[in-house]
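Right, one structure below, let's go through it.
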There are 2 protein chains.
Amino acid sequence: MPTIKDVAKDAGVSPSTVSRVINDHPRISNATKKKVKKSMKKIGYHPNIIAQSLVKQKTNTIGLVMPYSAEEAFANPFYSEILRGIGAVAQEKGYSILLITCDGQEEVEASLRAVKSKLVDGILILRAKKDDILLKKLREAEVPFVIVGRPEDADKYYWVNNDNIKASKNLVQHLIDLGHKDIALITGGSEYIVSQDRLDGYKLALKENKIKYNPEYIIHIHGNEEIISKNTKKLLKKNPDLTAIFAVDDLMAYRSILAIKELGLKVPEDISVVGFNNNPLSQLITPSLTTVDINTYQLGEEATSILINVIENKISEYYHKVVEANIIIRNSCDKIKF
Amino acid sequence: MPTIKDVAKDAGVSPSTVSRVINDHPRISNATKKKVKKSMKKIGYHPNIIAQSLVKQKTNTIGLVMPYSAEEAFANPFYSEILRGIGAVAQEKGYSILLITCDGQEEVEASLRAVKSKLVDGILILRAKKDDILLKKLREAEVPFVIVGRPEDADKYYWVNNDNIKASKNLVQHLIDLGHKDIALITGGSEYIVSQDRLDGYKLALKENKIKYNPEYIIHIHGNEEIISKNTKKLLKKNPDLTAIFAVDDLMAYRSILAIKELGLKVPEDISVVGFNNNPLSQLITPSLTTVDINTYQLGEEATSILINVIENKISEYYHKVVEANIIIRNSCDKIKF
DNA sequence: ATGAAAGCGCTAACAC
DNA sequence: GTGTTAGCGCTTTCAT
């Protein structure tokens, strides 16, 4: 592999001149610039990015923490979609993406290692938990990082999120408008703030409509498997008054629908179902699923854009951005008949 | 950020001794080893991986080329799932994953750049095309790389794949066993070898059962959108004899099923449908989809394992591995009634 | 078993 | 505008 010295020799200039050409230095004559570029092409030279990183103390790489947990959640197209948004902006601004894979509990360690080893200039976190050690450690380490999700101490972080409370409230309001009063909520682990927010939106909608909140209607699910099916069935048997189910992720909604069908009931005639996140498949299933489009791609774009600005010192004050979420009404809900 | 010199000073040894501790050099006394490790912890030292990479001429990073094309294909859980397999092995063997995102046509350039800039030690390619420039260029560049898919000139590459011909043949045989003779095939762009293989398997099954091959039953789809719906409908109207549709990806099958339903026909009573790739959702839709499990996770594991072995010179001869694919029979196919 | 010194490929003062 | 030199943080001979 040719180095900067080989180019210098071939072009009859010094290595620093070659370096200046690489970095588009202003004070360099067009003649030498051309000459050097020709030499680079001739001998097939590519700058060694590792060497550049070492001296510039910057890798132009952002880290993406991805626990490869067995949770089905990971099979969620959410990740592919947000990755697309992240990739698009990163590429446009000349950054690479380093996937930091790790198993479950190691994520704190793995992230810090990537940062302290100078592998990445900044980090993207794809979830926000309550009492999150990872966030605290990263802040202590003074690494640039951006969260997709709403952290606690919201004014001490950079983050991007949907207004989950509002979107959830609107979605439940839609069910209420159709005449539903007994609405179950299937939500995720209560350690995730997104679960809390969607629950809060649910409660808010009930309150505004003077519907009594019934804690028996709430299920917290950890993982995404069979439990949902079992719990849906249990729920429906225990509470024959239920007419609607709100699942906080479309994948969960699919499982609920299946369980409802297995019980011999029909969606939406007997039970209305709504989801969240607008999985691309939700328009293809039968019945097509009413859900909330959270603009996952844009979430990825915005987060990356902010992160790169932080890395390049173009933002100093903590800052967040709320991305619109829109209800998409399809065929999984019916009016209550009196 | 502390460097190796700071540790050396604190421990009262030379930088090279610290380096030897970092690299588990055999000839180093336990006493100094302990002393140095203590200092490292005390001052919060982490080796700078960039500097290590520069001198070792090795980054311990593998590149993953991912065109962020608009194709829905990218929303396919296939990518999440294979990423999990790749991540698991990479992490276990101490490698990071660099996502090389690029738009459509740039993939050749982007991959070569990553390699020649010494950003990665090797590359993983997630598809095989006919007459593939990328593969040729990578081989010219003498970069370690492994393909997920069967390339042309199969004996000149490292690759991992399912036996798509066999799996496809078996799947079509299953339809034939149910009495189907008029089976449409919806497949991907003919530039992809996987499309060709699955078509060949289809043809083989017909031949073995002395069923005449009808080219009108074959549709090549580029992209995954509305076209599938339109084409399914056109196909069904033109060929009322059709009793089954084989889509080479589950997502395509979902769209076909929807189109069939929109035509007022029933799956599987009127038309049987089979898919491929065993999308996790295929068990959740109604009717649940008969498909082929290609063991995506394992595909990712094997490919990564081979790549790392190649990088570390543990394999020299070109080599490939075929991963089992299994038919999963669900409820989307019916027997033909005579 | 440990230290001194050179060098991986590049950039960035500082000279002129 | 271009060359000289030092140095980014680490490893690795070559000494001892």
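Naming: A, B, ... by sequence-line order, numbering from 1 per chain.
Relative to the side chain of A:Val55, the nucleotides C:dT11, D:dG3, C:dG3 differ in distance, and C:dT11 lies closest. Distance from the side chain of A:Asn48 is smallest for C:dC10 among the nucleotides D:dC10, C:dC10, C:dG3. Which of D:dT11, D:dG3, C:dC10 sits closest to the side chain of A:Gln52 comes down to C:dC10. Minimum atom distance to the side chain of A:Arg20 is reached by D:dT2, of the listed D:dT2, D:dC8, C:dG3. Among D:dT11, C:dG9, D:dT2, the nucleotide with an atom closest to any side-chain atom of A:Thr3 is C:dG9. Comparing atom distances between the B:Ser14 side chain and each of C:dG3, D:dG9, D:dT11 picks out C:dG3 as nearest.
Applying the 4.0 Å criterion to OP1 and OP2 of D:dC10, one finds that B:Ser53 has every side-chain N and O outside that range. At C:dG3, one or more side-chain N or O atoms of B:Thr17 fall inside 4.0 Å of OP1 or OP2 (strictly under the cut-off). Dashed line: the shortest gap from a side-chain N or O of B:Ser29 to OP1 or OP2 of C:dT2 is under 4.0 Å.
Counting only N and O atoms by type, the side chains of B:Thr17 and B:Ser14 include a donor and acceptor under 3.5 Å apart.
Using a 4.0 Å cut-off between charged side-chain N and carboxylate O, A:Lys321 and A:Glu302 make a salt bridge.
The base of C:dA4 sits with one of its N or O atoms less than 3.5 Å from a complementary donor or acceptor on the side chain of B:Ser16.
Taking the centre and axis of the six-membered ring of A:Tyr192, the NZ or CZ atom of A:Arg127 falls outside the cone set by 45° and 6.0 Å.
Residue order along DNA chain C, read from the 5' end via each residue's closest nucleotide, puts B:Ala31 first among A:Leu54 and B:Ala31. Two residues, B:Ala51 and B:Arg27, neighbour DNA chain D, and the one matched to the more 5' nucleotide by heavy-atom proximity is B:Ala51.
One atom, CD of A:Gln57, and another, P of D:dG9, lie 5 Å apart when rounded to the nearest Å. Following rounding to the nearest Å, A:Met1 (CE) and C:dC10 (C1') show an atom-to-atom distance of 16 Å.
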Practice task
Please assess B:Lys136 against B:Glu140 for the test salt bridge (Lys or Arg N to Asp or Glu O under 4.0 Å), listing each intermediate value before the final yes or no.
Solution key: CA-CA 6 Å; B:Lys136 280 175 191 151; B:Glu140 275 172 31; over 6 Å; no
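For B:Tyr158 and B:Phe145, the ring centers are positioned 6.0 Å apart or more.
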